[in-house]
2 protein chains.
Amino acid sequence: MSQTVDRALSILPLLAEGPADLGQVADRLGVHKSTALRLLRTLHEHGLVYRQSDQRYRLGARLFALAQQAVENLDVREIAHPHLVRLNEECGHTVHLAVYEENEVLYIDKVDSRYPVRMYSRIGKPVAITVAAVAKLLLADLPEPERRAVVDRLDYPHYTARSTPNAAAYLRELATVREQGWASDLGGHEESINCVAAPVRGADGRVVAAMSVSAPNVVVTADELLTLLPLVRRTADAITREYSGNTPAKDAV
Amino acid sequence: MSQTVDRALSILPLLAEGPADLGQVADRLGVHKSTALRLLRTLHEHGLVYRQSDQRYRLGARLFALAQQAVENLDVREIAHPHLVRLNEECGHTVHLAVYEENEVLYIDKVDSRYPVRMYSRIGKPVAITVAAVAKLLLADLPEPERRAVVDRLDYPHYTARSTPNAAAYLRELATVREQGWASDLGGHEESINCVAAPVRGADGRVVAAMSVSAPNVVVTADELLTLLPLVRRTADAITREYSGNTPAKDAV
DNA sequence: ACGGTCGTTGCAGAGGACGCAACGACCGGC
DNA sequence: GCCGGTCGTTGCGTCCTCTGCAACGACCGT
């Protein structure tokens with residue numbers, strides 16, 4: 001909509017790939033060097049880009065501060081956090097909280113496993129949307145047209161033999177998830193890691209977040225992990241109750 | 001430098017305080033609603049702001065993704081990480097890695113304590129710059145004029161009785177740190193938490209990052225923590241060696 | 001010393017951003 | 001149920017500001 005801002009913002013993902021000098025930025029934007037310079041300076045003043053000692057530009061620290069403040073202001077996260085900690089104390093495994101936003105699912109909180117083997121994931125990192133248990137819950141609750149649109153637009157990486165293969169299969173999976181009110185990922189992302197997840201709902205019953213417990217096979221088998229399901233669901237319901245203002249959570253939709 | 005971009009970027013910190021509607025954004029920017037709308041739309045297209053269900057705007061998910069990619073591209077971090085993990089395995093305490101950037105010191109990596117009592121901190125979160133051990137190392141190495149300028153510009157919050165009280169005291173502390181080649185924070189931020197830190201240097205000898213081990217009094221006393229200093233320094237030197245391309249690290253400056 | 005590359009500056013012209021005013025949707029009060 | 005108020009949205013004409021050019025200076029390697 002606004003050409004100047006549009007160009008300036010296009011610099012950010014470009015720099016996210018790695019540091020670049022003025023010429024490279026100007027080229028990739030398709031503008032004159034002087035124009036790129038002015039844009040970079042403005043971004044620099046706001047701390048969004050940083051100029052390292054070799055004069056090349058890379059993303060700046062303010063970006064972290066902003067992302068940080070943003071995540072701390074999410075009220076679901078604030079309410080859910082103590083519940084996640086308690087769940088982690090009870091079962092010992094890694095606990096995640098995730099939300100859906102504009103075609104992406106991302107973790108907004110995490111409590112690490114007490115076992116030495118830890119999953120790689122990080123707050124703010126986009127989730128493997130076609131296989132993660134939390135993603136299934138969040139997508140399953142989207143209004144039908146949007147869900148279809150999103151699912152059609154996705155890629156279906158073949159992480160493992162049990163990864164969701166294509167859009168049709170995913171839609172079927174989502175239907176199941178919506179009915180049963182919980183989701184799992186049994187080795188669909190990494191061969192040896194399983195998750196079970198349950199939804200957190202708002203006052204209107206819509207799913208606002210999803211919570212999962214993950215553990216590698218070497219610690220507990222998939223079957224053992226599934227025995228935690230009632231605990232996970234109880235925790236998610238407790239968060240729902242608090243988040244939606246003491247409205248008791250229903251078991252299924 | 002560029003008015004339009006400048007205005008657009010000013011929206012981000014504004015929204016970081018919490019969600020706002022169009023009118024509020026326009027007011028705080030001092031522009032017409034239609035202008036604010038155009039800017040917000042552009043930000044929205046790039047995923048930097050998100051429009052929640054009540055139509056108000058807040059920061060968007062792309063911000064996390066960008067911050068994430070940025071931190072993953074930091075080569076110091078990549079090299080240091082395995083060393084941090086090993087150090088954590090050896091001593092069990094929380095390990096941090098931090099860098100300095102434009103008047104701020106921020107954590108870029110962290111390995112959590114294996115003890116149940118954990119510090120509150122998060123990757124990307126700006127550090128308490130007047131007291132943190134890592135901040136002392138990074139500031140101590142700045143060129144004299146910049147160091148003075150930064151130190152003068154800081155606030156000196158009175159976190160505890162042992163917090164750095166003012167600029168003069170901080171400059172003295174930094175001189176000491178520079179000479180001894182390591183730093184500590186003994187209850188200067190939180191009464192019951194102590195840290196020891198050591199610098200990671202680039203090929204030119206400049207401090208590019210700092211690494212610390214933190215532990216609460218209830219786990220180890222300050223004196224006990226200080227016995228870990230040699231281990232911390234050895235780890236930092238190992239990172240330095242690898243980062244600066246096998247150049248052996250010197251013990252002091 | 002020289003050509004090459006790269007970042008930076010000043011300027012004039014034109015393209016785009018700005019604010020205005022008016023519309024439509026929504027809400028709450030009378 | 002009507003009506004005033006608020007809020008987001010749209011189209012448009014004017015003026016601002018962003019743009020690209022060209023020239024300069026710094027730096028590097030040949």
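Just so we're on the same page: letters track the sequence lines, and every chain starts at 1. All values below were derived from every heavy atom in this structure, side-chain atoms included, with hydrogens, water molecules and symmetry-related copies excluded. Nothing here was measured: the structure is a model prediction, and the numbers come from that model.
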Exercise for the section: Heavy atoms under 4.0 Å is the rule here; annotate nucleotides 3-10 of chain C 5' to 3' with B where the base is hit, S where only the sugar-phosphate is, and - elsewhere. Expected result: ----BBB-
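Met1(B) has its CE atom 11 Å from the P atom of dC18(D), to the nearest Å. Leu40(A) has its CG atom 12 Å from the P atom of dT19(D), to the nearest Å. Atom pair Asp6(B):CG and dA17(C):C1' shows a separation of 14 Å (rounding to whole Å applied). Atom CZ of Arg7(B) is separated from atom C1' of dG19(C) by 10 Å (rounded to the nearest Å). Taking atom CD on Gln3(A) and atom C1' on dT17(D), their separation rounds to 12 Å, with Å as the unit. The interatomic distance linking Asp54(B) (CG) with dA25(C) (C1') rounds to 16 Å, in whole Å.
The salt bridge (Lys or Arg N to Asp or Glu O under 4.0 Å) test with Asp54(A) is passed by exactly one of Arg56(A), Arg51(A), Arg58(A): Arg56(A). Screening Thr164(A), Thr130(A), Ile129(A) against Pro157(A) for a side chain to side chain contact (heavy atoms under 4.5 Å, CB included) leaves a single residue, Thr130(A).
Side-chain atoms of His81(B) and Asp109(B) include a donor-acceptor pair closer than 3.5 Å.
For the helix from dA1(C)-dT30(D) to dC30(C)-dG1(D), the angle separating the two terminal helix axes comes to 40°, with each axis derived from five pairs and the value rounded to 10°.
Distances shorter than 4.0 Å separate some side-chain N or O of Arg38(B) from OP1 or OP2 on dC18(C). For dA17(C), neither phosphate oxygen OP1 nor OP2 lies less than 4.0 angstrom from any side-chain nitrogen or oxygen of Thr35(B). Put simply, Thr4(B) has no side-chain N or O that comes within less than 4.0 Å of OP1 or OP2 on dA17(C).
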Exercise for the section: Check the pair Met211(A) / His96(A) against side chain to side chain contact (heavy atoms under 4.5 Å, CB included), numbers first and verdict last. Expected result: CA-CA 6 Å; Met211(A) 199 197 67; His96(A) 279 115; over 6 Å; no
Practice task
Applying salt bridge (Lys or Arg N to Asp or Glu O under 4.0 Å), run through Glu45(B) and Arg62(B) and close with a yes or a no.
Solution key: CA-CA 10 Å; Glu45(B) 276 177 16; Arg62(B) 186 65 41 90; over 6 Å; no
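Going from atom CD of Gln68(A) over to atom CG of Leu63(B) covers 11.0 Å, rounded to the nearest 0.5 Å.
Here Asp141(A) pairs with Arg206(A) in a salt bridge; the nearest charged N to carboxylate O distance falls below 4.0 Å.
No more than 12 heavy atoms of other residues, nucleotides or ligands shown are found within 6.0 angstrom of CD on Glu78(A).
Glu104(A) places no side-chain N or O within donor-acceptor distance of the main-chain N or O of Glu101(A), the cut-off being under 3.5 Å.
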